[in-house]
Structure formats: structure tokens, C-alpha cells
Amino acid sequence: MENNQSYFGEMSHGISTLVTGLKTTMKEYFTPKSTEQYPENRKTTLHVAKRHRGRLVFLRDENGAYKCTACTLCEKACPNGTIKITSHMAEDPETGKKKRVLDDYAYDLGDCMFCQLCTNACNFGAIEFTNDFENSVFDRGQLVLHLDKEVYKGGSLPQLIEGGAPIEIGKFNTKTK
């Protein structure tokens, strides 16, 4: 359908859309602003959702042993090759059967898409994402984590796993220390 308005009709329409945009701009200009002081107040005001995917960690049993069986399902499910598993076959002394033994579980945090396909593919519940998000480093090589050799004890914030500071809906978390 063709629009056959007059020149002055088009001008009035253009001016009305301009006024609408300026009204929105002026409303936001005079709205009070709130700035959250991130590095200083992060222990008291920072709230991170429990379901936030920050980094991958091994889950361990009560003895501290990891549950990974080196089945490589997570490596195969990863769309961009973030996970590299190295393993070998060894004979189990108790049963006498051969089983796969994990040598290295390398996880590249810098390449991860945080899609959670690896945790969904794991049949043994050996890996999960935590909501620890402070992973900035100066060297990209430090983002390659060997999950079988580290024991994750939580991030730099004390209650981060539980979600951090309590959230107040409709209010900015701007309290000081």
C-alpha cells in the first residue's frame, strides 16, 4: 500500500517522532542515577544468580576423589573443543578388568561458550558450572585449567556460590562496606 500523504503531513509526522524521542531523552536525563562501586563493594552488594555459568569445576566425593571416568562424552559434546581429555587404559587391581584412567582434563575457560552441553552430556555428574565469574588474567595461557589437578574451594567472594549478597527487587545494591 502506497502512502500518499502531503508534504506537510510528512513533516508533522517527522516532528512528532522527534518530539517523542526528545521526551524520552529528557525523562532519562533527569532521572537520578545510581552507580554500583564494583571492586570496592563487591563483598557486600554484588548479587550473582545461582544459575549463572561462570566456570567449570569437577565435583568430588566425600573422600576428595573426582567422579570423572574419562569417558570423553563431555569432550565430544563441546561444540568448539574447549575440553581436552587425555587418558590411558590400566588394569584395575580389584577386579582385574581394564578400565580407562584419567591423565589430564584440560578446560580452556577463554574459549568456552558456557553452553552447558558438557554438563548435560556427563552421565556421571562429574562436572558442573559454578557462578564464580572473576576469572580475568593478563596471560591467556592461565585460562587453561586442569580440573583433575585442582580442588575448587570457591571463588574470591565468600557467599558467591549461594548467590552473593541478597538482592532487593527494584532497588540498586549501592550500600557501602
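Computed from a prediction, not measured in an experiment: that's the story for all the values here.
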Apply side-chain contact (heavy atoms from CB on, under 4.5 Å) to residues T86 and L102 and explain how you reach the verdict. CA-CA 6 Å; T86 315; L102 181 68; over 6 Å; no

In short, T119 meets L56 closest at the heavy-atom pair CG2-CD1, 3.8 Å

T130-D132 side chain donor-acceptor pair, cut-off 3.5 Å: no

For Y105, does its backbone N or O pair with a side-chain atom of D148 as donor and acceptor, under 3.5 Å? yes

Can you check whether C78's main-chain N or O pairs, donor with acceptor, with T82's side chain at less than 3.5 Å?
no

Next on the checklist: Could you check whether any side-chain heavy atom of Y66 comes within less than 4.5 Å of a side-chain heavy atom of D61, counting everything from C-beta outward?
Outcome noted: no

Exercise for review: Applying side-chain contact (heavy atoms from CB on, under 4.5 Å), run through R51 and N131 and close with a yes or a no.
Suggested key: CA-CA 7 Å; R51 66 176 183 248; N131 59 355; over 6 Å; no

Exercise for the section: Output yes when a side-chain donor or acceptor of D104 lies under 3.5 Å from a complementary backbone atom of I85, and no otherwise. Expected result: no

### Query
When hydrophobic residues are tied together by side-chain contacts of less than 4.5 Å, even through go-betweens, does L143 share a cluster with F114?
yes

Does any non-hydrogen side-chain atom of F129 lie less than 4.5 Å from one of R55? no

Closest heavy-atom pair, A126 versus C122, reported as atoms and distance to 0.1 Å, is N-SG, 3.3 Å

Does any N or O in the side chain of T72 come within less than 3.5 Å of the main-chain N or O of E75, such that one atom is a donor and the other an acceptor?
no

Residue set satisfying salt bridge (charged side-chain N to carboxylate O under 4.0 Å, His left out) with E91, at least two apart, ordered chain then number -> none

For V144 and A106 the tightest heavy-atom approach is CG1-CB, 4.3 Å

Report task. Find out whether F58 and C68 are in side-chain contact, i.e. whether some heavy atom of one side chain is under 4.5 Å from a heavy atom of the other. Result -> yes

Original post:
Would the number of heavy atoms belonging to other residues, nucleotides or ligands and lying under 6.0 Å from CE of M113 be above 12?
Top reply: yes

Check: Just wondering, do C74 and I127 contact through their side chains at under 4.5 Å, heavy atoms?
Finding: yes

Residue set satisfying ring pair (Phe, Tyr, Trp, His ring centres under 6.0 Å) with Y107, at least two apart, ordered chain then number -> none

Original post:
So, does D92 use its side chain to make a donor-acceptor pair with the main chain of G96 at under 3.5 Å?
Top reply: no

Discussion item. Do I15 and L22 land in one hydrophobic cluster if side-chain heavy atoms of ILVMFWY residues count as linked below 4.5 Å?
Written reply: no

- [ ] Give a yes or no on whether K149 atom NZ has more than 12 heavy-atom contacts from other residues, nucleotides or ligands under 6.0 Å away.
- [x] yes

For L59 and G125, the nearest pair of non-hydrogen atoms, with its separation, is CD1-O, 3.2 Å

Can you confirm whether M89 sits close enough to V101 that some side-chain heavy atom of one is under 4.5 Å from a side-chain heavy atom of the other? no

dist K98:NZ -> H88:NE2 (nearest 0.5 Å) comes out at 10.0 Å

Correct closest heavy-atom pair for R100 and S87 would be NH1-OG, 3.2 Å

Sequence neighbours excluded, the answer for side-chain hydrogen bond (donor to acceptor under 3.5 Å, both in side chains) partners of R60 is none

Exercise. Do any N or O atoms from the side chain of D108 and from the backbone of G110 form a donor-acceptor pair under 3.5 angstrom?
Worked result: yes

Exercise for review: Check step by step if side-chain contact (heavy atoms from CB on, under 4.5 Å) holds for Y152 and L145.
Suggested key: CA-CA 11 Å; Y152 182 75; L145 306 173; over 6 Å; no

- Establish whether Y29 and V19 are linked, either directly or via other cluster members, by ILVMFWY side-chain heavy-atom contacts under 4.5 Å. no

Heavy-atom nearest pair, T31 first then K27, reads OG1-O, 2.7 Å

